[in-house]
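First comes the structure, then the notes that go with it.
Each residue takes its place number in the sequence, starting with 1.
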Amino acid sequence: MAIVKEIQYIGELLEKIGNIQEIESAEIINIPEDVDADIGLKIKPKNIKDRYKILEKLNELEWEVYDKYGVLPTIYWEFEY
């Protein structure tokens with residue numbers, strides 16, 4: 001499991017993820033042993049059809065963090081339906 005080095009950008013990232021309209025709920029989960037990521041999330045979309053919009057928005061958020069902090073976070077996500 002990855003160790004969070006920069007709690008500030010992870011906190012900001014989580015706050016923005018919580019504001020994505022297409023997400024009904026999101027929770028932090030353990031990252032599988034064979035995965036290299038900064039944080040793991042289980043995401044429940046409001047509508048199953050919105051999963052690609054959610055992925056696009058998550059990708060945009062990752063790049064926003066990179067532009068601001070110079071660090072590209074890696075998110076491991078699972079969808080729950």
Checklist entry - Which pairs count as ring-ring contact (aromatic ring centres under 6.0 Å, His included) when at least one residue sits in residues 25-63, sequence neighbours excluded? => result Trp63-Tyr66

Checklist entry - Counting heavy atoms not belonging to Lys53, are there more than 12 under 6.0 Å from its NZ? => result no

Next on the checklist: If I take atom CD1 from residue Ile23 and atom CD1 from residue Ile17, how far apart are they, to the nearest 0.5 angstrom?
Outcome noted: 6.5 Å

Checklist outcome for this item: Taken to the nearest 0.5 Å, the spacing of Ile54 CD1 from Glu24 CD works out to 10.0 Å

Item to check | Distance in Å, Ile31 CD1 paired with Ile75 CD1, rounded so as to fall on 0.5 Å steps | outcome: 10.5 Å

Checklist entry - Closest heavy-atom contact between Glu62 and Pro73? => result OE2-O, 3.4 Å

Next on the checklist: Working to the nearest 0.5 angstrom, can you tell me the gap between Leu61 CG and Asn19 CG?
Outcome noted: 9.5 Å

Item to check | Option among Asp36, Ile29, Ile39 that satisfies the side chain to side chain contact (heavy atoms under 4.5 Å, CB included) test with Tyr76 | outcome: Ile29

Checklist entry - Hey, is the main chain of Lys46 close enough, under 3.5 Å, to the side chain of Asp50 for a donor-acceptor pair? => result no

Checklist entry - In Å, rounded to the nearest 0.5 Å, how long is the span from CG of Leu41 to CG of Leu14? => result 6.5 Å

Checklist entry - With side chains defined as the heavy atoms from C-beta onward, is the minimum distance between Phe79 and Lys42 less than 4.5 Å? => result no

Next on the checklist: Checking the side chain of Asp38 only, and the main-chain atoms of Thr74 only, is there a donor and an acceptor separated by less than 3.5 Å?
Outcome noted: yes

Checklist entry - Hey, are Glu64 and Lys16 close enough for a salt bridge, meaning a charged N less than 4.0 Å from a carboxylate O? => result yes

Next on the checklist: Show, in sequence, the C-alpha distance, side-chain angles and deciding distance for Ile20 and Ile43, and conclude whether the side chain to side chain contact (heavy atoms under 4.5 Å, CB included) test is met.
Outcome noted: CA-CA 11 Å; Ile20 295 175; Ile43 298 169; over 6 Å; no

Checklist entry - Is it the case that one hydrophobic cluster holds both Leu13 and Leu72, taking links as side-chain heavy atoms less than 4.5 Å apart, direct or via other members? => result no

Item to check | Salt-bridge present (Glu22, Arg51; N to O < 4.0 Å) | outcome: no

